[in-house]
Structure formats: C-alpha cells, structure tokens
Amino acid sequence: MLTRASIVAALLLVTASAEAQYLGPQQIRPTRSALWGELGFYTGELPGLAGLLEAEATVFSPLIEGYFGIGDSLAIDFAWGFGQATVSWNAGPIAGEESEGGLVVGNPFFGASFVSRSRNGVLRVGGGATVPAVDAEGAGKTLAWQIAMAMRGLWDLWLWWPDRLTVVPSARYDGRSGSVEWAVEGAMGLMFYTGDGDQETEVPLQVAGEIGARLSKALVLGGRLQTWFLPTGEDDQDNAQVAVEPFVRVEGEHVFGFARFTINLDDPWGFAFDDDGVWGLRLGGGARF
C-alpha cells in the first residue's frame, strides 16, 4: 500500500524529470534522438561578387541535422546542407542583363558525441568529419556556397567550403536556471585540402553563447552572440566574423518549430544591411523521439 510520502516522492521525481527536458534556448529538448531541418533565405545586392558588378542575388539554403542516441551516453550526429542561388547582373549596353543559377550540394558531416545529463544541464562533447562534396564551378554555384555560409555568420563553414575534408572536435553545454535558459558552445576545424595542387591546412575556430527566456511551456524567446576566427588566414584578409541572432522557438510534446535571424556585424559579410552585407532568415522545425 502506497504511503502519502511515497506518492509525494514519486510526483517530485516525475516533475523533476519533466522540467529537465526544457533546456537549450537555441536547440531542442535533450531527448535521446531528434531530427530537424531549416530553410535559409537571403536576397540583395552584392557589388563585386565573383568579379561581377551590381550583382543581384537570391539564395535559398536548406540544412538538415540530427542526432540518434545509442544508449543514454552516446549519440551519432549528422548534418547536410544545400544551396540554390540565382544571380543577375548588368553586362553592359550590348549584352544587357544576364543571369545564372546554381545548385550546390554541401559537405555532409558525420560524427559522434558523448552526452552527459544532469538535473539542470546537458553536456555534449564529440567530433566528426565532413566528406568533400561541394562543386563550386560557375558564378551561380560560387554564390550558393558563399552565401549559404555567410547567412549563418560563417558558423560551421566546413559544411560549405569546397575541396576540404574537415575534422571537427566540438562541445556544447545547455543549462537552465528557473525560466532562463542558456548555452555555450565551440568547435575547431582542421580543414585539409583535397583539390589539385598544394594549399595550407586551415584551422577555423568558432564560439557562441545563447540566452533565452521561457515565456511558457511552449514558447522561448532569446538571442545568440557568435564569433568565427581564422588564425591561419592571410594578414591582408578579414579573418573574423561576429554575428548576433535573435530567435524564437515553439515546442509541442514531440515536435517543435523555430525562426532565427542572423545579423552579421562586421566584415567580411557585415554590416548585414549595408550594400555588400549579408543577413540570413532561417525557418525550420523537426521532431524528437
């Protein structure tokens, strides 16, 4: 026969387990497995892009991601992006307006993560590698992969960079304190050249912090600050990118949706609303299981 104390203890355990699921303002609840996708969008003028003058660009960029748990402490991770670009420009009084389109298949990423869950946080530490798949021939395809990574503030640019096999160690921690949810994450890429000729191995670094307010069981509003840096880059190039990203997430029991708006703050792809800047609107959703 159940005593009153045992019933109360059981209810507290169920409540604690339920609350522990609501973590991560930018990511989804830390269930064992999840699959989600997004569609990124940008349109605007990009003077001088790919050697063209007054180029008008429109880019759509889908990205699918997921992780699949193997037991409680190990997950298999993957990500794969695409880019579809249309670029038009004025080729002069004789040729007039010209346009070109291009579809880029990104570099698929496969990896694994160690997952540690606690009452108020989830830690993921892992690594993986990309498979070189980007074909960047032609103005349309060049635009597609450049803007696909620019609209995300160069975050995870190894998903888009051509002729590179990249090994990626990474870590992320999601935490919660009351109705405030927060996260920190970082990664490093070892980008090995796979094309013709010789090029140096590039080593980009990236780090980000997020904070969000849970306004209800189903709604989170928040923001993200991220930076990308290329210490191996040439001195005469812009080797850093800073971006902010307000976001909203709506959650159901097994499904979720989100909207993100990436604003590049400085060169090479900022300020986002300048004539040669890039912003990114990304809408998506998925399921957890």
Side-chain angles (χ1 to χ4, degrees), residues 17-18 20-41 60-84 103-117 121-131 133-134 148-149 151-153 155-160 166 168-174 176 181 183 185 187 206 208 210 212 214 217-220 222 224 226 245 247-262 280-289:
S17 299
Q21 293 298 304
Y22 292 91
L23 296 174
Q26 186 76 353
Q27 296 291 349
I28 61 172
R29 300 179 191 176
T31 50
R32 178 175 291 185
S33 300
L35 178 65
W36 67 97
E38 67 176 37
L39 178 63
F41 171 75
F60 293 92
S61 177
L63 175 65
I64 56 174
E65 299 181 74
Y67 57 82
F68 301 93
I70 302 176
D72 292 330
S73 300
L74 182 65
I76 302 300
D77 309 310
F78 85 95
W80 199 3
F82 307 85
Q84 170 62 53
L103 172 65
V104 163
V105 176
N107 302 318
F109 170 85
F110 300 95
S113 295
F114 168 78
V115 184
S116 176
R117 296 179 175 86
V122 177
L123 174 66
R124 297 179 182 273
V125 179
T130 63
V131 178
V134 174
M149 67 180 190
M151 71 168 61
R152 296 175 172 91
W155 193 262
D156 288 349
L157 88 166
W158 39 76
L159 297 177
W160 315 101
T166 306
V168 185
S170 63
R172 178 181 173 100
Y173 182 83
D174 291 83
R176 182 188 183 196
E181 302 180 354
E185 66 175 314
Q206 60 186 34
E210 306 168 2
R214 181 166 290 280
K217 183 178 180 180
L219 179 64
V220 175
R224 170 184 174 97
Q226 65 182 44
E245 187 176 270
F247 62 83
V248 58
R249 189 176 76 247
V250 179
E251 297 180 345
E253 185 61 30
H254 298 290
V255 296
F256 58 92
F258 57 84
R260 310 173 184 175
F261 192 74
T262 305
L281 174 62
R282 294 144 61 200
L283 306 175
R288 49 186 170 267
F289 44 93

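What's counted below: heavy atoms across the whole structure, side chains too, no hydrogens, waters or symmetry copies. All figures in this text were calculated on a predicted structure; none of them were measured in a lab.
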Query raised in the report: Can you name the closest pair of heavy atoms from A112 and I76 and give their distance?
Result: CB-CD1, 4.2 Å
Query raised in the report: Mind checking whether R152 and Q226 have side chains closer than 4.5 Å, heavy atoms only?
Result: no
Report summary line: Output for pair (F68 CZ, L74 CG), nearest 0.5 Å, gives 13.5 Å
Report task. Kindly give the heavy-atom pair with the smallest separation between M151 and F41, and that separation in Å. Result -> SD-N, 3.8 Å
Query raised in the report: Are the side chain of S73 and the backbone N or O of F114 linked by a donor-acceptor pair below 3.5 Å?
Result: no
Report task. State the CG-CD1 distance between L35 and I64, to the nearest 0.5 angstrom. Result -> 7.0 Å
Report summary line: Here the pair of heavy atoms bringing V134 nearest to G106 is CG2-CA, 3.8 Å
Query - Note, W158 side chain near N107 side chain (heavy atom, < 4.5 Å) - result: no
Report summary line: Shortest non-hydrogen pair, D174 vs A183, comes out as OD2-CB, 3.6 Å
Query raised in the report: Could you give the distance from CG (L63) to CG (D156), rounded to the nearest 0.5 Å?
Result: 8.0 Å
Query - Test item: P62 and L39 side chains (from C-beta on) under 4.5 Å apart, heavy atoms - result: yes
Report task. Indicate the atoms forming the closest heavy-atom contact of A259 with L283, along with that distance. Result -> CB-CD2, 3.5 Å
Requested in this report: Search all heavy atoms of S61 against all heavy atoms of W160 and return the closest pair with its distance.
Outcome: OG-CH2, 3.5 Å
Requested in this report: Just jot down the side-chain hydrogen bond (donor to acceptor under 3.5 Å, both in side chains) partners of T262, sequence neighbours excluded, or say none.
Outcome: E245, R282
Report summary line: W80 meets the ring pair (Phe, Tyr, Trp, His ring centres under 6.0 Å) criterion, sequence neighbours left out, with F82
Requested in this report: With R249 as the cation and F247 as the aromatic partner, state whether NZ or CZ is under 6.0 Å from the six-membered ring centre and within 45° of the axis.
Outcome: no
Report task. Answer yes or no: is there a donor N or O on one side and an acceptor on the other, between the side chain of S116 and the main chain of L123, under 3.5 Å? Result -> no
Requested in this report: Classify the ring geometry between Y67 and W36 as parallel (under 30°), tilted (30 to 60°) or perpendicular (over 60°).
Outcome: perpendicular
**Report entry** Min side-chain heavy-atom separation S113-R172 under 4.5 Å
**Finding:** no
Query raised in the report: Taking it one step at a time, do R260 and R224 satisfy side-chain contact (heavy atoms from CB on, under 4.5 Å)?
Result: CA-CA 10 Å; R260 310 173 184 175; R224 170 184 174 97; over 6 Å; no
Query raised in the report: Are any non-hydrogen side-chain atoms of E185 and E210 less than 4.5 angstrom apart?
Result: yes
